[in-house]
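Take a look at the structure below.
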Amino acid sequence: MENLRWGIVSTIKAPARDVLEFAAFHIDAGAARVIVFLDAPNPIAEKALRQHPKARVIVCDDEHWESRGRRPKRHQTRQSHNATRAYRKHGDLDWIGHVDVDEFVLAPGGIGSALARVPENVETIRVRPIERLAGGDGKAYKQYVPRRENRLEQVSNLYPEFGQFLAGGFLSHMAGKIFARPGNDELKLRIHRTFLGDEIGPEALDFPDMTVAHVHARSYDEWRAHFDFRHSEGSYRDELAPAFSRDKGGMTLHEVFKTLLDFEGEKGLRKFFDEVVGDSLELRERLDERNLLQLHDLKLDEVLERQFPDAAL
């Protein structure tokens with residue numbers, strides 16, 4: 001399809017630089033529109049986004065939520081509400097993707113070209129993630145270990161001490177993120193899937209022509225700064241299931257981290273981080289031996305300067 005128009009929507013609570021890097025990357029990659037819902041006041045990011053013709057910004061303040069009934073307590077609910085609103089409002093786009101501020105969509109040959117290859121009868125696609133290793137040169141990403149009979153063994157070989165607690169070897173999600181074709185008034189965007197009315201929507205088509213580079217942590221200090229929220233309300237929260245069944249020694253990440261803190265304190269968290277998240281030659285080699293290592297340079301400084309040269313950062 002010539003002149004295909006795609007966009008990105010995200011609900012964000014992050015420093016201005018992170019917000020603008022996210023927007024700049026996707027605009028630079030060809031997005032016709034990047035729609036940012038600011039989950040907290042961010043005057044610097046707001047001003048810069050309002051000045052860019054391909055950005056839209058909505059400040060989710062008290063007035064914003066009062067006009068919609070009430071502010072949902074859970075951030076996941078706010079994300080879904082905002083994404084669905086953008087999906088319905090921006091019907092002039094051919095595709096819209098729902099991703100987080102630390103996720104960057106990649107496609108060899110371009111995102112628009114990849115989306116143009118989706119069969120016309122497909123309404124939603126699933127774009128699977130890769131997860132960045134923290135530290136180093138910032139270019140190393142790992143793929144997850146595919147689901148197979150010996151998955152637990154494979155993950156444990158990669159991460160000898162903590163592999164039995166990691167689904168596919170990832171600290172965060174493997175489910176990926178959704179792109180959808182606007183135009184269905186019944187469709188609702190969630191974090192990792194869609195709903196049609198009050199029912200779960202049809203399973204999205206797995207689309208390997210694109211991937212989501214997930215920068216879950218850039219350094220130990222950054223990871224530790226986000227840890228408490230993730231442990232209580234986010235991707236390490238108590239309600240999530242263990243990666244492997246308990247009869248195989250499985251524990252939830254919430255339980256793993258609580259145990260480490262109770263018995264080893266900060267040293268325990270650091271030990272986990274160094275084995276699972278930190279960039280090292282040894283981990284790169286283990287990943288590469290299994291064809292699970294990818295290298296990508298997002299060039300965020302360059303795209304930020306190109307798209308938002310006057311931002312007061």
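Start at 1 with the first residue, then count along the sequence. Please read all numbers here as calculations on a predicted model, not as lab measurements.
For Asp297, the side chain to side chain contact (heavy atoms under 4.5 Å, CB included) partners two or more places apart in sequence, or in a different chain, are Lys139, Lys299. Not counting sequence neighbours, the partners of Lys258 by the side chain to side chain contact (heavy atoms under 4.5 Å, CB included) test are His231, Asp262. With sequence neighbours excluded, the residues forming a side chain to side chain contact (heavy atoms under 4.5 Å, CB included) with Ala311 are Leu20, Ala48, Phe308, Leu313, listed by chain and number. Arg117 is linked by a salt bridge (charged side-chain N to carboxylate O under 4.0 Å, His left out) to Asp209, counting only residues two or more places apart in sequence or in another chain. Residues passing the ring-ring contact (aromatic ring centres under 6.0 Å, His included) test with Phe22, sequence neighbours excluded: His26. Among residues two or more places apart in sequence or in another chain, the side chain to side chain contact (heavy atoms under 4.5 Å, CB included) test is passed with Glu289 by none. Taking the ring-ring contact (aromatic ring centres under 6.0 Å, His included) definition, one finds that Phe37 meets it with nothing, sequence neighbours left out. Listed by chain and number, the residues in a ring-ring contact (aromatic ring centres under 6.0 Å, His included) with Tyr159 amount to none (sequence neighbours excluded).
Grouped by direct or indirect side-chain proximity (heavy atoms under 4.5 Å, Ile/Leu/Val/Met/Phe/Trp/Tyr only), Phe263 sits alone. Grouped with Phe195 in one hydrophobic cluster are Ile200, the linkage being side-chain heavy-atom contacts under 4.5 Å among Ile, Leu, Val, Met, Phe, Trp and Tyr residues. Through side-chain heavy atoms spaced under 4.5 Å, either directly or across other Ile, Leu, Val, Met, Phe, Trp or Tyr residues, Met174 is tied to Tyr144, Phe170.
A perpendicular orientation is assigned to the rings of Phe104 and Phe25, their planes being inclined by more than 60° (bins at 30° and 60°).
Within the 3.5 Å criterion, the main-chain N or O of Thr77 finds no donor-acceptor partner in the side chain of Ser80. The backbone N or O of Asn184 sits less than 3.5 Å from a side-chain atom of Tyr87, completing a donor-acceptor pair. With hydrogens and angles disregarded, no donor-acceptor distance shorter than 3.5 Å links the side chain of Asp18 to the backbone of Ala14. In this structure a side-chain-to-backbone donor-acceptor pair under 3.5 Å is missing from Lys177 to Glu103. Remark: the backbone N or O of Asp185 is paired with a side-chain donor or acceptor of Arg88 at under 3.5 angstrom. With hydrogens and angles ignored, the 3.5 Å screen pairs a side-chain donor or acceptor of Thr211 with a backbone N or O of Arg128. Proximity of a side-chain donor or acceptor of Asp94 to a complementary backbone N or O of Arg5 within less than 3.5 Å is detected. The main-chain N or O of Glu233 is found under 3.5 Å from a side-chain atom of Gln76 such that the two form a donor-acceptor pair. Gln294 contributes no side-chain N or O that, together with a main-chain N or O of Ile130, makes up a donor-acceptor pair within less than 3.5 Å. Here the side chain of Asn150 pairs no donor or acceptor atom with the backbone of Glu153 at under 3.5 angstrom.
Of the charged side-chain nitrogens involved, at least one lies within less than 4.0 Å of a carboxylate oxygen, so that Glu46 and Arg50 count as a salt-bridged pair. The pair Arg218-Asp279 does not meet the salt-bridge criterion, since no charged nitrogen lies less than 4.0 angstrom from a carboxylate oxygen.
One finds the NE2 atom of His90 at 7.0 Å from the CG atom of Leu93 (value rounded to the nearest 0.5 Å). Arg126 CZ to His192 NE2: the interatomic distance, rounded to the nearest 0.5 Å, is 8.5 Å. Atom SG of residue Cys60 and atom CD1 of residue Ile12 lie 10.5 Å apart, to the nearest 0.5 angstrom. Note that the CG atom of Leu171 and the OG atom of Ser235 stand 6.5 Å from one another [nearest 0.5 Å]. Atom CG of Asn121 and atom CZ of Arg181 lie 8.5 Å apart (nearest 0.5 Å). If you take CZ on Arg85 and CG on Asn82, they are separated by 7.5 Å, rounding to the nearest 0.5 Å.
Side-chain contact check for His173 versus Asp100: every heavy-atom pair is 4.5 Å or farther apart. Side-chain atoms of Leu4 and Trp95, non-hydrogen and from C-beta on, do get closer than 4.5 Å to each other. Contact of the Arg193 side chain with the Lys188 side chain is not registered, since no non-hydrogen atoms from C-beta on lie closer than 4.5 Å. When side chains are defined from C-beta on, Arg230 counts as touching Trp223, because their heavy atoms get closer than 4.5 Å.
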request  = Assess whether side chain to side chain donor-acceptor pair (under 3.5 Å) is satisfied between Asp39 and Thr11, documenting all intermediate values.
outcome  = CA-CA 6 Å; Asp39 203 36; Thr11 298; over 6 Å; no
task = Show your reasoning for whether salt bridge (Lys or Arg N to Asp or Glu O under 4.0 Å) applies to Asp28 and Lys54.
result = CA-CA 10 Å; Asp28 214 66; Lys54 293 188 176 181; over 6 Å; no
task = Dump the intermediate steps for side chain to side chain donor-acceptor pair (under 3.5 Å) on His81 and Gln79, then the final yes or no.
result = CA-CA 6 Å; His81 177 98; Gln79 289 175 311; over 6 Å; no
task = Go through the steps for Asp102 and His214 under the test side chain to side chain donor-acceptor pair (under 3.5 Å), then give the verdict.
result = CA-CA 6 Å; Asp102 58 358; His214 189 183; 3.1 Å; yes
query = Should Ile125 and Ile178 be marked as a side chain to side chain contact (heavy atoms under 4.5 Å, CB included) after you check the CA-CA gap, both sets of side-chain angles, and the distance that decides it?
reply = CA-CA 6 Å; Ile125 61 171; Ile178 297 295; over 6 Å; no
message = With salt bridge (Lys or Arg N to Asp or Glu O under 4.0 Å) as the criterion, how do Lys271 and Glu161 come out once you've worked through the C-alpha distance, each side chain's angles and the decisive distance to 0.1 Å?
response = CA-CA 10 Å; Lys271 180 174 63 174; Glu161 186 165 359; 3.1 Å; yes
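Other residues, nucleotides and ligands contribute over 12 non-hydrogen atoms within 6.0 Å of the CZ atom of Arg246. The environment of Asp92 atom CG is dense: over 12 non-hydrogen atoms of other residues, nucleotides or ligands sit within 6.0 angstrom. In the displayed structure, Asp137 atom CG is contacted under 6.0 Å by more than 12 heavy atoms of other residues, nucleotides or ligands. No more than 12 heavy-atom neighbours from other residues, nucleotides or ligands sit within 6.0 angstrom of CD on Glu63.
Side-chain contact, His254 with Arg237: no donor N or O sits under 3.5 Å from an acceptor N or O.
Under the 4.5 Å side-chain heavy-atom criterion for Ile, Leu, Val, Met, Phe, Trp and Tyr, Val277 and Met251 are members of the same hydrophobic cluster. There is no path of hydrophobic side-chain contacts, each under 4.5 Å, that joins Ile96 to Leu49. A continuous path of Ile, Leu, Val, Met, Phe, Trp and Tyr side chains, each step under 4.5 Å between heavy atoms, connects Val145 with Phe165, placing both in one hydrophobic cluster. Follow the hydrophobic side-chain contacts under 4.5 Å out from Val101 and you never reach Ile191; the two are in separate clusters.
The residue from Leu187, Val118, Leu205 that alone fulfils the side chain to side chain contact (heavy atoms under 4.5 Å, CB included) condition with Glu123 is Leu187. The only member of Tyr220, Phe257, Phe227, Phe162 that meets ring pair (Phe, Tyr, Trp, His ring centres under 6.0 Å) when paired with Phe273 is Tyr220.
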Throw together a table of side-chain donor-acceptor distances under 3.5 angstrom for residues 66-75, partners on residues two or more places apart or in other chains.
from  : atom 1 : to    : atom 2 : distance (Å)
Ser67 : OG     : His64 : O      : 2.7
Arg68 : NH1    : His64 : O      : 2.9

